[in-house]
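Take a look at the structure set out below.
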Amino acid sequence: MSALTRRGFLGALGGAALAAAGCAEISGELLRSRLTLPRPFTVPLPVPEVARPVRPGRYEVTQRAARIEIIPGTTTEVLGYGGTFPGPTFDLRRGSRVTVAVRNELSVPTSTHLHGGVTPPGSDGYPTDLVAPAGGTKDYDYPLEQRAATLWYHDHRMDFTGPQVWRGLAGMALVRDEEEDALPLPRGERELPLMICDRAFDEDGSFRYPSPPGRGHTGHTGHGGHMAAVDGDYMEGVEGDVILVNGAPWPVAEVTATRYRLRLLNASNARRYRLRLAPGGRFTQIGSDSGLLAAPVAHDELPISPGERYDVVVDFSAYPVGSAVTLVNTLAGGPARNVMRFVVARRAADDTAVPAVLSRPPGRVAPVTTRGFDFRRSSEGVWTINGHPYRPGVPLARPRLGSAEVWRLSSDFHHPVHVHLAHFLVLARNGRAPAASDAGWKDTVDVRPYEVVDVLARFDGHRGRYMLHCHNLEHEDMAMMADFEVI
Ligand SMILES: [Cu+2]
């Protein structure tokens, strides 16, 4: 269905009819590549380099353009942390205060957000807190007073997060702690960060992104709907037809017939996935966005919306040696249905286990208030929160440091809602129990069309200006953001 017909269609139908029509799981508009797509499962899975500190507690990373081979036989210019895509993985310890000095050698301003970080406001990547192009620098301070978890970092520039993340400005950051160290989980080569995203490519191998001419390569810093970075036909979100894992198209990884820990991240601009293993198998979830679960949860499938992470263990000893085990996305048809493949190459010793008790997450704190945040497209066609497009510096809430609040998130479409600083528990979906995949403390929750999701958010760590926003990056760029201030 074309963008226009679907827009008319969405406007004309209520949620129930929409779900019945089978469109309810689609969250963006497909942008097709203009080159021959590579054969799936031929490119080996890359694992990003681990960032090395220049001295204890200090990292330096340069954002620069680079040409890399993504589609075999072509090159793609990326905007990358360290000139790579994904950027290097930061392997960090709880409580080990680090500084990451970012130098911007790109032609566009940037702002780096550590997604899931309990970070002071000046280092949180506020969208107008920009590092100037062509040599600007900024020291980002990360106290990392937070539990072991799978985090990631990405650009958060006002109005241009979508195109700049699409072009490569994203990487993963792992926080570890003693509680996690004590568990017999797979590690080393059997612990794989998997950054999943979709992209579209032009004939010459460059990334396609539907920007109006001249947008995105300017020094523009303020917000204005007229400066939208994406073509109006794609305001629901941009989906590509090539699925990348750690920057490689439909890669293949050789594994031993043992347990592996997979840190799944959906780093797509707009695409949602429902991940399954084919020909079958289970994900044993051990962690959510914000750290280890109290106890493992088994899943046959995992829905994952942009920004969300799942920390899972897959036991490849369940498959005969020689098996191909394919990670698929059952929400997609065609080439985008495949994500990546594991080939079980040989048997090997395995002394790992998934204990019945994983961790002691923070408990619930009684909420002091309930607030509503309604995510909706306005009659003018702007993505809004509580009826307003983003107004920098105008907080919609002032929670107290150390308190907890129920935030009631309602929606007219797929809006993966991300809250900076605060971590939350999903309490209810449409007044009923949350899904099994909602388990644990999170920072991003998939709010589906006409759904009301109640979360219990804790405001710990720092006072100051933070934000909540939709993590569909096209919605975010088209103003679906709001400030809150922790007082
Ligand atoms: Cu949204």
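Not measured: the values here are computed from a predicted model. For ligands, and for the atoms within them, numbers begin at 1 and follow the listed sequence.
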Look at the aromatic rings of Tyr142 and Tyr140 and report parallel, tilted or perpendicular, splitting at 30° and 60°.
parallel
Of all N, O or S atoms in His475, which has the smallest distance to the Cu ion (ligand 1)?
ND1
Please name the atom of His415, limited to N, O or S, that comes nearest to the Cu ion (ligand 1).
ND1
Give a yes/no answer: is there an N/O/S atom of Cys470 under 2.8 Å from the Cu ion (ligand 1)?
yes
Report yes or no: is the cationic atom of Lys138 (NZ for Lys, CZ for Arg) closer than 6.0 Å to the six-membered ring centre of Tyr126, at no more than 45° off its axis?
no
Parallel, tilted or perpendicular: which describes the rings of His475 and Phe413, with under 30° parallel and over 60° perpendicular?
tilted
His115 and His154 aromatic ring geometry - parallel, tilted or perpendicular at 30°/60° bounds:
tilted
